[in-house]
Amino acid sequence: MSTPIQKLIDNYYELYDLLVKQGEISQSIQVNEHYRKILLLSCASYYEKQITQIIKDYVMLKTEDERIISFVNNKAINRQYHTYFQWDQTNNINQFLGLFGAEFKKTISEEIKSSDELSKQISSFLEIGAERNKMVHQNFLEYQLEKTFDEIVKLHKEALNFINYITVSYTHLRAHE
């Protein structure tokens, strides 16, 4: 199944290759410059949507009380995502895990410590989030994104595995309640 991000990646490669084949080098450079930023923002936006939706789903699983659901949406989810993580610490998600209590944080932290792969996925996720913050807060058009398109794709694939981990963990949690 092709996701919107994968379609963006595929479109970039097609357009970039076409421009290079036609000798439009300056245009290919411009396309590369813009697509890198668009890809990075698209990834960060997708992760935000996925994580906040998981939290909303979990709250709705735990209660049908519209007052509680509304309160959580308004005070803990809407426009709060970027406070969940310490974006400048690209090696841990302790702040996020701590929001769900000490026992949850301890359990998941132990899983992370025992998995180099999961640690790498978290690092990629946080790196995309940190880069996104720098880019949007430091004049987007003039921001010098140092990562290549391929480096961002690689980070995305790793970070996507972390998003999948959260999704599977949530599904597993629901099944055992």
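This is a predicted model, so every value here is computed, not measured. Along the sequence shown, residues are numbered consecutively beginning with 1.
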*Any donor and acceptor pair, going by atom type alone, linking the side chain of T52 with main-chain N or O of K49 inside 3.5 Å?*
yes
*asked:* Does this structure show an ion pair linking E127 with K147, if we count only N-O contacts that are shorter than 4.0 Å?
replied: yes
*How many angstroms lie between atom CG of N164 and atom CD of Q50, to the nearest 0.5 angstrom?*
8.5 Å
*Mind checking whether I122 and Y165 have side chains closer than 4.5 Å, heavy atoms only?*
no
*Determine, using the 4.5 Å side-chain heavy-atom cutoff (strictly less than), whether I77 and F71 are members of one ILVMFWY cluster.*
no
*Partner set under salt bridge (Lys or Arg N to Asp or Glu O under 4.0 Å) for D116, not counting sequence neighbours*: none
*Looking only at non-hydrogen atoms, find the nearest pair between E151 and E146 and report the distance.*
OE1-O, 4.1 Å
_Pairwise distance CD(Q86) to CG(L126) - rounded to 0.5 angstrom_ = 10.0 Å
_Approximate separation, where rounding is to 0.5 Å, of L155 CG and Q121 CD_ = 12.0 Å
_Strictly distance-based, threshold 3.5 Å: is any side-chain N or O of W87 a donor or acceptor partner for the main-chain N or O of N133?_
no
*So is K37 actually on top of F140's ring, under 6.0 Å and inside 45° of the axis?*
yes
_Is any side-chain heavy atom of H82 closer than 4.5 Å to one of R132?_
yes
*N161 and E158: side chain donor to acceptor below 3.5 Å*: no
*Give the cluster check for V136 versus Y81: same hydrophobic cluster or not, with ILVMFWY residues linked at side-chain heavy-atom distances below 4.5 Å.*
yes
*Indicate whether the side chain of E131 and that of Y143 have a donor and an acceptor atom separated by less than 3.5 Å.*
yes
*Evaluation steps, side-chain contact (heavy atoms from CB on, under 4.5 Å), between I69 and N73*: CA-CA 6 Å; I69 293 169; N73 277 332; 3.7 Å; yes
*When rounded to the nearest 0.5 angstrom, what is the spacing between CD1 in I152 and CD1 in I128?*
8.0 Å
*For Y12, which residues count as a side-chain hydrogen bond (donor to acceptor under 3.5 Å, both in side chains) partner, sequence neighbours excluded?*
N32
_Single-linkage hydrophobic cluster, 4.5 Å side-chain cutoff, I29 and F149 together_ = no
*Mind checking the CZ-CG spacing from R36 to D150? Nearest 0.5 Å is all I need.*
11.0 Å
_More than 12 heavy atoms of other residues, nucleotides or ligands under 6.0 Å from OH of Y13: yes or no?_
yes
*If you look at every heavy atom in I112 and S119, which pair is closest and at what distance?*
O-OG, 3.2 Å
_ring-ring contact (aromatic ring centres under 6.0 Å, His included) evaluation trace for Y35 with Y16_ = CA-CA 10 Å; Y35 264 79; Y16 184 81; 9.6 Å; no
*Taking all non-hydrogen atoms of both residues, which atom of A159 and which atom of S124 are closest, and how far apart?*
N-CB, 3.9 Å
_With a sphere of 6.0 Å drawn around CD of E64, does it hold more than 12 non-hydrogen atoms of other residues, nucleotides or ligands?_
no
*Passes side-chain contact (heavy atoms from CB on, under 4.5 Å), I51 versus I163? Steps please.*
CA-CA 7 Å; I51 290 173; I163 299 299; 3.8 Å; yes
_Under 3.5 Å donor-acceptor, T83 side chain and Q80 backbone_ = yes
*From F85 CZ over to E48 CD, what is the distance, rounded to the nearest 0.5 angstrom?*
10.0 Å
*N/O donor-acceptor pair under 3.5 Å between S45 side chain and S42 backbone*: no
*Closest non-hydrogen atom pair, M135 against L41*: CE-CG, 3.7 Å
*asked:* Testing the basics here: between S109 and N94, what is the closest heavy-atom pair and its distance to 0.1 Å?
replied: OG-OD1, 3.7 Å
*Under a single-linkage definition using a 4.5 Å side-chain heavy-atom cutoff for Ile, Leu, Val, Met, Phe, Trp and Tyr, are V31 and L18 assigned to the same hydrophobic cluster?*
no
*Out of F96, Y46, Y47, which residue meets the ring-ring contact (aromatic ring centres under 6.0 Å, His included) rule with F125?*
Y47
*Steps toward side-chain contact (heavy atoms from CB on, under 4.5 Å) verdict (Y84, L97)*: CA-CA 9 Å; Y84 295 170; L97 297 176; over 6 Å; no
